[in-house]
Amino acid sequence: MDLMQISFFIFAVITLVAAFLVVTAKSLVHSALWLIVALFGVGVLYVFLDAGFFAVAQVLIYIGAIAILIIFAVMLTRKDLRDAGSQHNTIWPFAALAAVFLFVGLFFVLSSWASFTTAKPGLLAGANALSDLGQALVSPNAYLLPFELASILLVAAMIGAIYVSLIKK
Amino acid sequence: MEFLRDPITFIGNWLEGLLLGWNIAPAAATVIVTLLGAFILGTFSLALVVFTIWMERKLYARIQDRLGPNRVGPWGILQTFPDMVKIFTKEYITPDGADKAVYNLAPILTVSAVILLWAVIPFAPTIVGSEINVGILYIVAVGALGTLGIIMAGWSSNNKYALLGAFRTVSQMVSYEVPMVLALLVPVLLGRTMGVNSLVEAQSVWFIVLSPLAAFLFFLSAQAEIGRAPFDLLEAESELVAGYQTEYSGLKFGMFYVGEFLHAFTVSALMATLFLGGWRGPWAEQWPMLGVAYFFVKTFIVYFFVIVLRITMPRLRIDQMLNFNWKLLTPIALVLLIGTALVEKTLQSFGLDSLGLRTIINLGMNLLIIWGTIEILRRSAHTERQQVTEPRPVAMAPNTPASD
Amino acid sequence: MLNDWLFIGLFFLIVAIFPGVPILLAGLLAPKRGSPAKTQVYECGMETVGDTWVQFKVQYYIFALTFLVFDVELVFLFPWAVAFDKLPLVGVISGIIFILVLFGELLAAWRKGVLEWV
């Protein structure tokens, strides 16, 4: 096991544990903070995949904007910020069983997929990933339409914000 | 001679050779040398704060026509050390009901987010922490981590006013990130790369000449990002006590304080790197140490302007601040970006790509946008003034009936 | 390339420890004379009344949401800016349309009075 595999293992475990704690943490704000750890772990996994841009974009958007939005929403809508109490309801053993079955099923399906165990070819030397991404985003044969539609989607989000603020008035 | 030209790379290579000679695996040798480099960089940036705090206090004092610290050491240079000792020995008072883990983590996160910025700043062509090709986005992302620390501080203090202060601080910082990142997009567009060292190498003409408006926008938004005057409503002593730092004492408060000063200096370093050409200067490529000197000279010049701006401008109210951001800075930044894109592409497709022509036309476009903005502002101020000075209909008493 | 990220990863580790060690040290050095009055939450010298909650002011959320929208837009624009040299004119124009759409919605939000700090 070389250094990269060990590091990947450590960060994968961190991400999974943090994701588990998101669901089971007693205080809502603690859940939000564990979510931040889980998202950061995913960002680190992107670095292992040689996708530095996505790692940084993940931290920037998820932790820098979405997590702050979630924390704002949690703090602004809760009267008692330190609410505790059991996070389980009575049928949680069945839910856990269903989750385990799902995981085992996924594992079997994926491991019998042929290209699960073949290593993907590395990036061609001299491929400038960022520049290619930029070109692909705006070329009509590639992702131009989703690119422009993304801007329309963002407009829809803003309209949601306008609507929320109009309701308050 | 090689040592004099570039001591840091020389020592790094020598150390790695030494470790390999001791039969340590190459991967482990790299890790150890990298770890040492990271350690030195972190220590160095914290040591810089000692000097910059003194410089700020002296300058602050002189502009206010007083002396500033002058007892401890020549010209008071050693003043920061007694202050550090004092803050070390203050008691930690944790408020009732505070969430201990988050409360203690918040100052660490805020200070870490500032020190992390130093990883991508190039001191010289070969002396740079890490040359990742997404350096600019890394800078913005790490700044966003700092805002997280502030919310954590405000919430965990179990204090309404700290929470309120934290919300307002985060709203201000988050709002001003938009024009800052837009202003950062302009050098990326002009340099066609996102790596910071590559951007410095692309600045045969400094970007402040190619796009002064972007430099100005970045400077202003960065001042608001770090919470400095004239945008320092949230640390003003009469407003909401000390904002999100109310319940912190001792070294934890000292960490927030140090983080703030270091952030101001780091932002000056960023401005010098991205807009003033960083380590560029005569003979910098052959003598990297000269590059380091140029870099620091430029950073201190920008830091000087940061301090002067802080001392001489009055404070803005929060609604004035937010209006200034969303209604003035963001539209200007968007128009600037569109203008730069159009100019660059037009010049490129007509093959008029020489540096001189690019400089002149980009500069001209910037000045055009500045002139246009001032015109629009003047017109709207003129309209407002007219509305105010028009004779308003005075309420007149109804005509008294003739007969009484 | 991974070497650069290795530096960043190790730097993260070191920087997480850096402020922590002095804080721990100062915790050992500083006096500890706790008293109930000291640990009371600060409210300008008065007793705190009511739970610690903040009145719901939608403006905070609106500004964070607007920032999120512009943040996502900017992340899309960064690769576009890096690939600028190799883009045909249609690519540049589509990027500019992207920016203009968001400019338009900023103006719309302005007119609707969303960006006021009431």
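As the structure is a prediction and not an experimental result, all values here were calculated from the model. Each chain gets a letter, A, B and so on, in the order the sequences are listed, and its residues count up from 1.
Other residues, nucleotides and ligands place more than 12 heavy atoms under 6.0 Å from the CG atom of A:L106.
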Verdict with supporting geometry, A:L137 and C:W80, side chain to side chain contact (heavy atoms under 4.5 Å, CB included): CA-CA 7 Å; A:L137 270 180; C:W80 172 76; 5.6 Å; no
Determine, stepwise, if the pair C:E73 / A:S151 fulfils side chain to side chain contact (heavy atoms under 4.5 Å, CB included). CA-CA 7 Å; C:E73 166 196 2; A:S151 73; over 6 Å; no
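At a 4.5 Å heavy-atom cutoff, A:V44 makes no contact with chain C through either its backbone or its side chain. For chain A, no part of C:F63 is nearby; none of its heavy atoms comes within less than 4.5 Å. The parts of A:L60 that come within reach of chain C are both its backbone and its side chain, each placing non-hydrogen atoms under 4.5 angstrom from that chain. Heavy atoms of A:L69 lying under 4.5 Å from chain C belong to its backbone as well as its side chain. Neither the backbone nor the side chain of A:L153 has a heavy atom closer than 4.5 Å to any heavy atom of chain C. Residue contact with chain A, scored on non-hydrogen atoms closer than 4.5 Å, involves the backbone and the side chain of C:L68 alike.
The ring-ring contact (aromatic ring centres under 6.0 Å, His included) contacts involving residues 48-77 of chain A comprise A:F72-B:F167, where partners must be two or more places apart or lie in separate chains.
If you tally non-hydrogen atom pairs under 4.5 Å between each of A:I66, A:L130, A:I61, A:L133 and chain C, the highest count goes to A:I61. For chain C, the option among A:L144, A:I152, A:I159, A:V155 with the highest count of heavy-atom pairs below 4.5 Å is A:V155. When A:S7, A:S131, A:A57, A:G64 are compared by the number of non-hydrogen pairs under 4.5 Å with chain C, A:S131 comes out ahead. Interface remark: of the candidates C:V90, C:V82, C:L77, C:L65, C:L65 forms the most heavy-atom pairs closer than 4.5 Å to chain A.
Nearest approach of C:W5 to A:G52, heavy atoms of both residues: CZ2-CA, 3.5 Å. In terms of heavy-atom proximity, A:A73 sits nearest to C:Y61 at CB-CE1, 3.9 Å. Considering every non-hydrogen atom in both C:V69 and A:A157, the closest pair reads CG2-CB, 3.9 Å.
In this structure, CD on A:E148 lies 10.5 Å from CZ on C:F76, to the nearest 0.5 angstrom. Taking CZ of C:R111 as the reference point, atom CD1 of A:I162 lies at 11.5 Å (rounded to 0.5 Å). Separation of atoms CD1 (A:I68) and CG (C:D71) is listed at 9.5 Å; rounding is to 0.5 Å.
Among the residues in residues 94-106 of chain C, those with a non-hydrogen atom closer than 4.5 angstrom to a non-hydrogen atom of chain A are C:S94, C:G95, C:I97, C:F98, C:V101, C:L102, C:E105.
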